[in-house]
K.L.:
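Dumping the structure here so I can ask a few things about it.
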Amino acid sequence: MAQRGLILSADKWERADDRTGELRRGVSIWFVNDYREDTALAVGMKPTKVSGDISMFDQLKSAKLPAVFDLDYGSRPGKDGKPTLTLLGVTHIADIDAFSQHSVKKSG
């Protein structure tokens, strides 16, 4: 399953597993997508955070975030055997320069 999203940031993390003590590493990825429409009570895009494999970090870093990516998902068994959505990979589509003179329109 793939979804297009604007990845805003990526942060490496590492921590010891509570049960085994094994050191786990990954990357936290913040992105926005077009999952919702504006309503009378909410407007705009709400950021979503997902964890990815540490191997994705270099690819995200080389894209100069924020950037548009296709996010590829799969599922794995989670707590009580319930399916858990897992980020399997990212494919760079385009860089975004959110604060360039050409992309910013002044109000007023």
K.L.:
Does the side chain of Gln3 reach to within under 4.5 Å of the side chain of Asn33, using non-hydrogen atoms?
P.N.:
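They are in contact (side-chain heavy atoms under 4.5 Å apart), so the answer is yes.
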K.L.:
CD1/Ile29 to NZ/Lys49 distance, rounded to the nearest 0.5 angstrom?
P.N.:
11.0 Å
K.L.:
Thr39: what forms a side chain to side chain donor-acceptor pair (under 3.5 Å) with it, not counting sequence neighbours?
P.N.:
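Scan of Thr39 (side chain to side chain donor-acceptor pair (under 3.5 Å), adjacent residues dropped) gives none.
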K.L.:
Among pairs that include at least one residue of residues 65-78, which meet salt bridge (charged side-chain N to carboxylate O under 4.0 Å, His left out), considering only residues two or more places apart or in two chains?
P.N.:
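Listed by first then second residue: Arg4-Asp70.
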K.L.:
With sequence neighbours left out, what residues match Glu37 under salt bridge (charged side-chain N to carboxylate O under 4.0 Å, His left out)?
P.N.:
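Here no residue qualifies.
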K.L.:
For Leu88, which fellow cluster members are found when Ile, Leu, Val, Met, Phe, Trp and Tyr are connected by side-chain heavy-atom distances below 4.5 angstrom, either directly or through intermediates?
P.N.:
none
K.L.:
Could you give the side-chain donor-acceptor pairs of residues 53-68 under 3.5 Å, partners two or more places apart or in another chain?
P.N.:
| unit_1 | atom_1 | unit_2 | atom_2 | d |
| --- | --- | --- | --- | --- |
| Asp53 | OD1 | Ser55 | N | 2.8 |
| Asp53 | OD1 | Ser55 | OG | 2.7 |
| Gln59 | NE2 | Val90 | O | 2.9 |
| Ser62 | OG | Asp58 | O | 3.4 |
| Ser62 | OG | Gln59 | O | 3.0 |

K.L.:
Once rounded to the nearest 0.5 Å, what's the spacing between atom CG of Asp17 and atom CD of Glu22?
P.N.:
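Reported to 0.5 Å precision, the distance equals 6.5 Å.
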K.L.:
Start with the C-alpha gap between Thr48 and Trp30, add the side-chain angles, then the distance that decides, and say whether side-chain contact (heavy atoms from CB on, under 4.5 Å) holds.
P.N.:
CA-CA 6 Å; Thr48 302; Trp30 285 92; over 6 Å; no
K.L.:
Can you name the residues that form a side chain to side chain donor-acceptor pair (under 3.5 Å) with Asp18, not counting sequence neighbours?
P.N.:
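Once residues adjacent in sequence are excluded, Asp18 has no partner under the side chain to side chain donor-acceptor pair (under 3.5 Å) criterion.
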K.L.:
Residues two or more places apart in sequence or in another chain: which of them pass side chain to side chain contact (heavy atoms under 4.5 Å, CB included) with Leu85?
P.N.:
Met1, Tyr73
K.L.:
Go through the structure and list residues passing side chain to side chain contact (heavy atoms under 4.5 Å, CB included) with Lys46, not counting sequence neighbours.
P.N.:
Tyr35, Arg36
K.L.:
Please list, one pair per line, the donor and acceptor atoms closer than 3.5 Å that link side chains of residues 6-16 to other protein atoms, with sequence neighbours excluded.
P.N.:
| unit_1 | atom_1 | unit_2 | atom_2 | d |
| --- | --- | --- | --- | --- |
| Glu14 | OE1 | Arg25 | NE | 3.2 |

K.L.:
Once ring-ring contact (aromatic ring centres under 6.0 Å, His included) is applied, do any residues pair with Phe69, and if so which ones, sequence neighbours excluded?
P.N.:
His92
